[in-house]
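Quick caveat: nothing in here was measured; it's all calculated off a predicted structure. One is the number of the first residue; the rest follow in order along the sequence.
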Amino acid sequence: MRNRTASSVQNILYSVIGQTVGLLLSFILRIIFVRMLNSSYLGVDSLFTSLVTVLSLAELGVGSAINFSLYKPLSDKNTEKIKSLMGLYRRAYIFIGCVVFIIGLCMIPFIQKISNVHSQVPNLRFLFFLFVVNSSISYFYSYKKSLIIADQYRYITVIYTYVSFALMCIAQGIALIIFKQYVLYLIIMILSTLFQNILISKKADKMYPYLKDKNIKPVDKGTQHLIVRNAYAMSLHKIGGVIVNSTDSVIISAFVGIKQVGKYSNYLLVTNALNLVFSQIFTAIIASVGNLGAELDKKHVREVFNTVFFAGYWLVSFCSCCLFVLFNPFIKIWIGSSYVFSTWIVTVIVLNFYIYQIRRPVLTFRDALGIYWFDRYIPVIESILNLTISIILTRKIGISGALLGTIISSLLTNVWIEPLMLYRHGLKTNTLQYYLKFIIYMAIAAINILIVDFFVQYLVRGINNTALAFILMMILTIILFNLFFVFFFLKTKDFRAVKTLLIGILNSLKEKVRGE
């Protein structure tokens with residue numbers, strides 16, 4: 001069996017490198033996009049991306065439910081059961097892809113009213129049709145990728161994903177510079193999605209030759225029941241998650257305007273890139289945690305969770321500090337002062353990012369341990385609260401209202417209920433310790449960020465060179481935050497556990513390099 005830590009480290013390393021390269025290419029492509037097309041196209045691109053994310057609700061948690069069912073047969077090398085599950089996966093995803101396409105077509109007649117765009121962007125319905133095509137075809141080959149990931153070889157899919165993404169960005173950039181055509185930009189996106197999924201599918205066939213077998217037994221009744229139960233629970237989680245995280249652009253477009261959506265999308269590009277990094281990191285360890293939960297006692301699982309939670313807190317509070325201090329200076333250098341938001345809006349964006357990401361360790365262990373059922377209705381309640389509060393606040397205070405609605409609804413529901421369910425049904429212990437840590441950690445993060453911001457602003461004042469000032473701010477933020485963080489936590493058990501983990505990871509990497 002593959003070593004869990006080594007697998008997780010390898011998957012995380014490839015994911016972070018891939019996402020870093022992808023982020024740099026995205027920034028360059030955004031500069032070209034802004035200069036070659038008017039600002040309304042930027043808003044339309046962000047809005048349509050959010051709308052097709054809503055279309056992904058058709059997946060209804062089927063993927064997560066089947067992934068969870070794959071951990072045990074992969075651990076036992078039960079080829080027949082894997083074949084049965086993948087056959088079910090294939091049929092489900094072909095059906096989902098067709099449903100996404102049909103629902104997308106039904107939305108096309110209403111797209112003009114949803115987007116609140118007039119003459120600035122022609123052929124709006126056809127543009128949305130291309131987004132729908134891209135979303136639907138992503139399901140037809142992608143199911144095999146899940147087997148590779150569940151088997152702790154996520155780094156392989158990362159390589160294929162980001163090589164394809166890099167080629168897509170280069171082709172889109174060239175197309176925008178030469179032809180200045182948004183339609184061609186989207187066609188390249190569709191071809192890239194198709195190309196990437198076909199390549200990963202062929203790789204899966206080579207890694208698991210039995211996927212080509214025609215003799216496939218039906219999934220047994222017990223597994224079917226478990227998948228249906230988990231898929232139903234995950235569908236409610238997915239509905240809530242998509243509504244909460246993908247409707248801000250729609251609400252802003254409807255009540256503030258499409259150009260403000262474009263402006264917000266620049267900040268969203270940065271936070272979404274960080275979201276993807278966090279997603280890649282924590283998704284990279286899901287298979288290992290799932291395998292861990294299937295084999296070891298709950299006490300060890302709790303210890304691993306505490307270590308992962310503290311490591312995640314360190315990372316998310318550090319990223320939040322960087323965003324708070326560096327966001328507006330970066331936007332000014334990147335695409336210009338006219339795209340900069342007020343400090344208040346930036347604060348709300350950063351707080352929204354922090355609240356979402358601090359939940360990652362809990363969500364990771366929930367998904368890995370298959371605990372979807374117990375809080376299945378909470379995301380629906382959260383989404384109703386989110387839409388209601390966001391619409392009311394956006395009409396009163398603008399863009400920040402949409403984000404505050406997300407923050408408030410999350411604090412009222414998922415932030416405290418998700419860990420309660422994990423501790424009660426997965427870790428089998430009391431949640432009070434987690435809640436105390438959550439509050440103390442958040443207070444320390446806020447103090448740390450304010451201290452760092454004060455010192456950074458004080459030390460760089462008087463520097464007229466914008467680029468030099470930004471570089472100095474970035475260096476100071478990185479150093480000061482981590483110095484204060486170590487000062488706060490040096491003597492704690494969680495810090496020592498993460499330190500031990502990091503030393504172990506570095507030693508394993510050294511051994512691997514020497515071995516190679």
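Note that CG of Leu502 is 10.5 Å distant from NZ of Lys499, once rounded to the nearest 0.5 Å. Within the model, atoms CG of Leu351 and CD1 of Ile407 stand 4.0 Å from one another, a figure rounded to the nearest 0.5 Å. Note that CG of Leu127 is 10.0 Å distant from CD1 of Ile111, once rounded to the nearest 0.5 Å. Note that the CD1 atom of Ile358 and the CE atom of Met442 stand 9.0 Å from one another [nearest 0.5 Å]. With values rounded to the nearest 0.5 angstrom, Leu412 atom CG is found 11.0 Å from Ile378 atom CD1. Distance CD1/Ile331 to CG/Asn266: 5.5 Å, rounded to 0.5 Å.
The shortest distance between side-chain heavy atoms of Phe454 and Leu450 does not fall below 4.5 Å. Two residues are said to be in side-chain contact when any heavy atoms from C-beta on lie closer than 4.5 Å; Arg360 and Val316 fail this criterion. Counting heavy atoms from C-beta outward, Val362 and Tyr434 have side chains that approach closer than 4.5 Å. In this structure, the side chains of Phe282 and Leu363 stay at 4.5 Å or more apart for every pair of heavy atoms. Leu385 places none of its side-chain heavy atoms less than 4.5 Å from the side chain of Ile408. Between Tyr264 and Val256 the shortest side-chain heavy-atom distance does not fall below 4.5 Å.
Here the shortest heavy-atom pairing between Leu268 and Ser249 reads CD2-OG, 4.2 Å. When all heavy atoms are compared, the tightest approach of Tyr435 to Pro419 is CE2-CG, 4.0 Å. The nearest pair of heavy atoms linking Ser265 to Gly262 is OG-O, 2.5 Å. Closest approach of Leu411 to Trp416, counting heavy atoms only: O-CD1, 3.5 Å. When all heavy atoms of Ala175 and Leu184 are compared, the closest pair comes out as CB-CD2, 3.6 Å. Taking every heavy atom of both residues into account, Val52 and Val132 meet most closely at CG1-N, 4.3 Å.
The aromatic rings of Tyr441 and Phe310 stand perpendicular to each other, their planes meeting at an angle above 60°, with 30° marking the opposite boundary. The aromatic rings of Tyr153 and Tyr155 are tilted relative to each other, their planes meeting at an angle between 30° and 60°.
Residues satisfying the ring pair (Phe, Tyr, Trp, His ring centres under 6.0 Å) criterion with Phe353, sequence neighbours excluded, are Phe278. The side chain to side chain donor-acceptor pair (under 3.5 Å) check on Thr307 picks up nothing, with sequence neighbours excluded. Applying the side chain to side chain donor-acceptor pair (under 3.5 Å) test to Glu382 and every residue at least two apart in sequence or in another chain returns Asn414. Listed by chain and number, the residues in a salt bridge (charged side-chain N to carboxylate O under 4.0 Å, His left out) with Lys180 amount to none (sequence neighbours excluded). Gln457 meets the side chain to side chain donor-acceptor pair (under 3.5 Å) test with Asp453; sequence neighbours excluded. Residues that satisfy the ring pair (Phe, Tyr, Trp, His ring centres under 6.0 Å) test with Trp334, not counting sequence neighbours, are Phe27, Phe330. Taking the side chain to side chain donor-acceptor pair (under 3.5 Å) definition, one finds that Ser192 meets it with nothing, sequence neighbours left out.
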- Message: The test is side chain to side chain contact (heavy atoms under 4.5 Å, CB included); show your working for Val304 and Phe365 and say whether it passes.
- Response: CA-CA 10 Å; Val304 174; Phe365 275 71; 3.9 Å; yes

- Message: What verdict does the side chain to side chain contact (heavy atoms under 4.5 Å, CB included) test give for Ile449 and Ser320, after you've listed the backbone C-alpha separation in whole Å, the side-chain angles of each residue and the deciding distance to 0.1 Å?
- Response: CA-CA 8 Å; Ile449 290 170; Ser320 298; 4.1 Å; yes

- Query: Going through the distances and angles, do Ser50 and Val261 end up as a side chain to side chain contact (heavy atoms under 4.5 Å, CB included)?
  - Reply: CA-CA 11 Å; Ser50 296; Val261 176; over 6 Å; no

- For Ile389 and Leu404, what are the C-alpha separation, side-chain angles and deciding distance, and is it a side chain to side chain contact (heavy atoms under 4.5 Å, CB included)? CA-CA 8 Å; Ile389 298 170; Leu404 281 172; over 6 Å; no

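Under the ring-ring contact (aromatic ring centres under 6.0 Å, His included) test applied with Phe128, the options Phe110, Phe48, Tyr182 reduce to a single match, Phe48. No option in Ile444, Val498, Asp494, Val308 other than Ile444 meets the side chain to side chain contact (heavy atoms under 4.5 Å, CB included) test with Tyr313.
Distance alone, capped at 3.5 Å, is enough to place a donor-acceptor pair between the Thr394 side chain and the Ala402 backbone. In terms of modelled atom types and a separation under 3.5 Å, the side chain of Ser253 and the main chain of Val250 share no donor-acceptor contact. In this structure a side-chain-to-backbone donor-acceptor pair under 3.5 Å is present from Thr53 to Thr49. Judged purely by atom type and a 3.5 angstrom limit, Asn328 uses its side chain to pair as donor or acceptor with the backbone of Phe341. Of the possible polar contacts, none joining the Ser410 side chain to the Thr406 backbone as a donor-acceptor pair under 3.5 Å is found. Between the side chain of Ser279 and the main chain of Asn275, no donor-acceptor pair closer than 3.5 Å is present. Counting only distance, with no hydrogens or angles, the side chain of Ser390 and the backbone of Leu387 share no donor-acceptor pair below 3.5 Å. Here the side chain of Ser46 pairs no donor or acceptor atom with the backbone of Gly43 at under 3.5 angstrom.
Ring to ring, Tyr41 and Phe33 are not that close: their centroids are 6.0 angstrom or more apart.
Note on residues 26-45: no pairs pass salt bridge (charged side-chain N to carboxylate O under 4.0 Å, His left out), not counting sequence neighbours. Here salt bridge (charged side-chain N to carboxylate O under 4.0 Å, His left out) pairs that include residues 316-341, with residues two or more places apart or in two chains, number zero. Within the structure, every pair that satisfies the salt bridge (charged side-chain N to carboxylate O under 4.0 Å, His left out) test and touches residues 405-419, not counting sequence neighbours, is listed here: Arg359-Glu418.
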Validation: residues 464-487 side-chain donor-acceptor distances under 3.5 Å, sequence neighbours left out:
| unit_1 | atom_1 | unit_2 | atom_2 | d |
| --- | --- | --- | --- | --- |
| Asn465 | OD1 | Ala467 | N | 3.1 |
| Asn465 | OD1 | Leu468 | N | 3.0 |
| Thr477 | OG1 | Met473 | O | 2.7 |
| Asn482 | OD1 | Trp314 | NE1 | 3.0 |
| Asn482 | ND2 | Ile478 | O | 2.7 |

Do any side-chain atoms of residues 160-173 form donor-acceptor pairs under 3.5 angstrom with protein atoms, and if so which ones, sequence neighbours left out?
| unit_1 | atom_1 | unit_2 | atom_2 | d |
| --- | --- | --- | --- | --- |
| Thr161 | OG1 | Thr157 | O | 2.7 |
| Tyr162 | OH | Gln19 | OE1 | 2.3 |
| Tyr162 | OH | Gln280 | NE2 | 3.0 |
| Ser164 | OG | Tyr160 | O | 2.9 |
| Gln172 | NE2 | Tyr185 | O | 2.9 |

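Under a cut-off of 6.0 angstrom, the local environment of CZ in Phe495 is crowded, with over 12 non-hydrogen atoms contributed by other residues, nucleotides or ligands.
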